[in-house]
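Step one of this worksheet: look at the structure below.
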Amino acid sequence: MKTYSVLNDVIFLDIETAHTDDKVIRICAVKIKNNEISRFSSLVNPDKLVELSDYQLLKGITQKELDSSCNLKEVLKKLQIFIEEMPLVCFDVTFKEKLFNRHNEFLDIIELLAILFPELRSFELQYLLKKFIPGYKEDNYTEFSYVEDIILMINYAISHFYCENAYSLPMSITELEKWNWYKHITKVNMEDVKCFIENKVVEFEEKANEPYPVFALKDYEKLFEHKEIWRRNGRSYTLRPQQRDASKFIREGLEKGKITIMEAPTGLGKSMAYLLPAAIYTHLKQQKVIVSTNTKGLQNQLVDKDIPNLLEALNLKRDVSYTLIKGKSNYLCFDRFGDIEYPVNMKTLIGYVYLKRLMLEKGIGEIEEISPAIMEKFNLGFLINQCNCDSELCDVGACRYKDRCYYAAKVEALKEAQLIVVNHSLLLKWPYKSIVPLENIVVDEAHNLTQEAYDAFENALVSYEFEKYLKEIYNSPEKSGYLYYLSRRAKKDTLPLSEVESCIEQCIRQMANIKASFENYITQSGISKDYNIKDHLNINNAKMSSIIRYLEYLKEDLSSLNISLEKAVSVLKDISNLQKDKRLKILTEKVEGINSYSRLLEAVINQSEEGYCFYFEVDKFFKWWKISSIPLDVSGAFYEKVLSSVKSCLFISATLSTDSGYNSLRNTLGINIAKSQNKEIVEVPPIKPVFDYKGKSVIYAMENVDPNDICAFSEEMKKFVIKLLHNVEGNIIILFTSRKRLDAFKEEASESLRALGIKVVYGKKDIEKLKSRDERYILLGSKGYFEGIDIPGDAMTTVILDKVPNINSKEPFYKSLIENQVERGKNYWQAYAKVNFPIVSIDLKQVYGRIIRTEYDYGDLFIMSKFDSVNPTVKKLESQLHDVPIIRKDENEIFRDLNIRVARWKQINLYKIMKEVKPSLKKAVLEQKMIKHNMSLKEFEEIINEFMSLEYRKRNLKYDVNIYLSEKVNIYINGKILNLNAANRAKITQYFKDII
Ligand code: SF4
């Protein structure tokens with residue numbers, strides 16, 4: 001196709017690097033000058049052996065060609081003649097800018113698309129190509145295909161943008177007239193744009209929906225048996241009886257107002273099991289159902305996929321409304337945006353215009369919808385801090401922007417919505433009780449709710465937050481704070497401003513004293529400062545006496561501050577024109593907040609109340625400190641806050657039970673109190689696993705490694721991982737129970753792993769990379785990664801855990817829980833086990849759950865510490881892990897064992913898929929036979945292997961199988977011939993006879 005560009009007088013530039021490092025191996029450029037097109041392309045000698053990706057090999061780049069090419073300096077010299085002084089359009093500007101010392105202007109494609117289409121949620125190149133180029137497919141590799149795809153995408157994007165905006169520039173973008181893209185997009189010829197759109201855009205016909213089968217909604221879970229509902233519009237569906245049965249319990253819980261507890265394993269279709277009865281119930285009874293989850297991933301999955309799909313299938317799209325609501329600070333605020341000072345520098349101005357377009361023109365006000373790439377590129381954190389919804393200032397009812405505000409619309413939607421998705425933390429606060437009372441609740445990922453409950457009922461004073469809090473009240477030097485503002489309006493001499501000011505100053509001084517006394521205590525006690533320091537605030541420890549003394553002083557200063565503030569508030573309340581000022585309301589709330597801080601200080605200093613853990617935490621750089629009190633028993637508080645008012649409640653998770661069933665959850669979350677109040681509790685016995693854990697996975701415990709000796713451990717672990725890389729395929733996750741061990745391993749092993757071409761990654765945004773087969777990744781993660789990593793298929797089959805994730809008994813909160821059990825008459829080890837076991841067993845189940853996500857998955861978990869077979873706790877843990885064999889052997893034996901198992905797992909998958917696809921494979925072969933008669937066995941082989949390869953890809957599996965039909969049937973998996981016994985050979989031969 002002839003290259004065409006709506007942009008003129010620019011160069012589109014592509015710089016390709018080798019597979020595993022940043023060595024440049026090819027530079028391509030397309031020049032559009034006076035609407036004439038010319039091209040530049042050159043391979044670059046990397047001066048070393050490099051690894052080429054499949055993509056590069058497909059484009060015909062070989063090491064031999066690279067070796068005979070010019071080096072980078074020579075190529076850049078030629079390129080610079082080609083590019084002249086023209087602007088360079090490229091995708092990843094930062095990397096490219098570094099290569100050039102000339103002053104060509106760089107035009108960043110991501111920046112352009114973010115301003116034209118602020119609503120885009122991803123700025124990954126493949127996503128953008130698919131989004132803008134109709135019918136885009138990744139094939140026909142040529143040396144210029146990348147650049148030409150980009151040119152085509154830009155053509156479509158700019159044309160689409162102008163078409164959407166009536167062929168003119170929106171006002172907001174005219175604010176960016178000094179932006180380097182501005183002159184280029186305003187120079188675009190509208191006739192070209194129209195012509196391009198008219199000639200090229202392919203409109204996809206909407207597929208007509210099939211008519212609905214007849215079914216009665218009141219049948220609830222029986223609808224799972226009604227296959228026509230789920231197979232409508234060509235979807236695939238297989239009945240899962242366990243899902244149907246689980247759904248029955250959930251429906252009964254809703255209808256009869258019970259508290260139901262259920263462990264539903266991965267693969268059961270848990271969300272559909274509760275969404276189906278919830279949707280029908282809310283429709284038939286017109287009662288709202290709140291679904292609470294712990295992770296954003298699950299919340300998005302529910303509202304973007306599961307709920308709409310379910311309502312579509314049940315023909316309830318118009319009847320059941322749903323919404324997702326998050327905490328206020330997750331939304332952009334119109335009111336606050338108006339107060340932002342107009343930016344003077346270009347980078348901030350681009351971000352400002354981006355936010356303005358997002359909010360005002362696209363009607364999007366959810367901060368999480370902004371792609372992380374754009375957050376970083378436009379440095380949006382700074383602007384968002386100034387315009388996210390302020391929970392104290394926002395009063396939807398009284399807000400003058402409520403008709404245009406996204407958050408206000410969310411609150412309005414709550415009134416109508418029948419299914420409401422929230423997170424656990426919001427559920428525990430539930431500020432919308434007046435609009436939506438807590439009546440019917442589904443708590444998914446319920447195993448996380450216990451920790452959330454402790455967090456929600458924790459009372460803490462964090463130094464930097466507290467200082468900010470005080471300054472928000474009155475900050476005379478900076479002429480800010482609610483009292484400052486109100487005093488300006490009030491113009492009253494009787495306001496005790498100097499008293500407030502001096503009390504605040506005194507409090508801030510006291511905080512500096514507390515910080516110094518923490519520092520002294522830590523230094524004198526010889527406590528390591530490698531990580532944050534966390535310990536009990538022990539009032540009987542003489543070394544802590546100065547900390548306690550300064551906390552007492554702070555409490556006294558707060559009392560004085562409170563008296564002055566109350567005086568100020570009472571003066572302000574008497575001024576009639578301030579009575580409606582929302583700042584006065586906030587100030588009054590702030591005074592109440594000071595009271596709660598005083599109460600916390602009182603509790604910490606006296607520690608007279610039993611059943612609390614009082615602790616401190618100090619930042620390792622001594623920048624901040626925190627004091628805290630956590631109730632050791634949150635059952636009463638949770639009951640009062642949540643359960644006391646609910647009609648029905650479901651607690652569901654894939655990991656909820658421990659050796660004592662649901663006891664731990666019941667006791668912690670006040671379910672026993674609900675029972676004593678005659679609430680009916682249903683404990684559904686844990687549902688059996690859907691996947692064949694025993695047949696498709698294995699756990700190895702490494703006997704001779706000691707994770708407690710961190711240095712030696714890191715070295716051992718590095719050697720082990722390097723060896724392991726030769727024995728397993730795909731990407732690997734390494735999880736650490738301790739930050740120290742993670743850091744030590746990172747330091748010890750990263751370089752050696754990188755030298756082997758392995759990409760070592762750490763961030764949550766890197767999790768997606770584990771699905772890749774183009775490069776090999778190792779993800780290092782701490783406890784936060786024990787759940788939420790969902791990699792179906794065999795791109796990732798190996799998880800390593802540094803040790804059994806027992807609790808740290810020195811951690812103040814766990815220590816208090818253990819002591820509490822000892823006080824109740826248990827010996828130390830019994831007490832430790834009682835606290836530890838529910839946590840360790842759920843953590844371990846979660847880690848193990850990373851491996852098997854679908855029925856085709858297989859995998860191995862390595863625990864790098866002795867998993868002692870005689871220890872009773874370990875025995876109990878084994879039974880929690882679906883009785884999968886835990887193998888303790890030496891390293892070589894383990895690798896031998898693993899290789900045999902992997903070969904078997906792959907064989908099981910092959911037979912399973914062959915069975916599943918037999919009718920469609922037969923059909924595909926028949927179609928080919930109709931086109932070409934007298935096909936040879938070789939041709940049959942090709943069709944079969946190609947077909948199977950596609951089927952493997954659909955299941956996220958790598959097709960490393962070769963099926964040969966000549967002479968006799970032979971199958972190779974991963975290059976090794978499958979040894980078939982006579983019976984199996986006969987069966988397989990018959991299979992292919994049937995096919996061809
Ligand atoms: S309702 Fe008003 S104050 Fe609240 S977020 Fe919206 S614009 Fe801001």
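We count ligands from 1, going down the list as the structure has it; atoms in each ligand are counted the same way. Keep in mind it's a predicted model, so treat the numbers as computed, not measured.
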Check: Are side-chain N/O atoms of Ser598 and Asn595 paired as donor and acceptor at under 3.5 Å?
Finding: no
Note to self: Please determine whether the number of non-hydrogen atoms from other residues, nucleotides or ligands lying under 6.0 Å from atom NZ of Lys131 exceeds 12.
What the structure shows: no
Notebook entry, point to check: Where the side chain of Glu445 meets the backbone of Thr295, is there a donor-acceptor pair that is under 3.5 Å apart?
Noted result: yes
Margin query: Salt bridge or not between Glu439 and Lys647? Use side-chain N to carboxylate O under 4.0 Å.
Written below: no
Next item on the list: Run through the protein N/O/S atoms less than 2.8 Å from atom 6 (Fe) of ligand 1 and write them out by chain and number.
Entry: Cys405 SG
Next item on the list: Mark yes when over 12 heavy atoms from residues, nucleotides or ligands other than Lys296 sit less than 6.0 Å from its NZ; otherwise mark no.
Entry: no
Next item on the list: Would you mind reporting whether Phe337 and Met359 have side-chain heavy atoms less than 4.5 Å apart?
Entry: yes
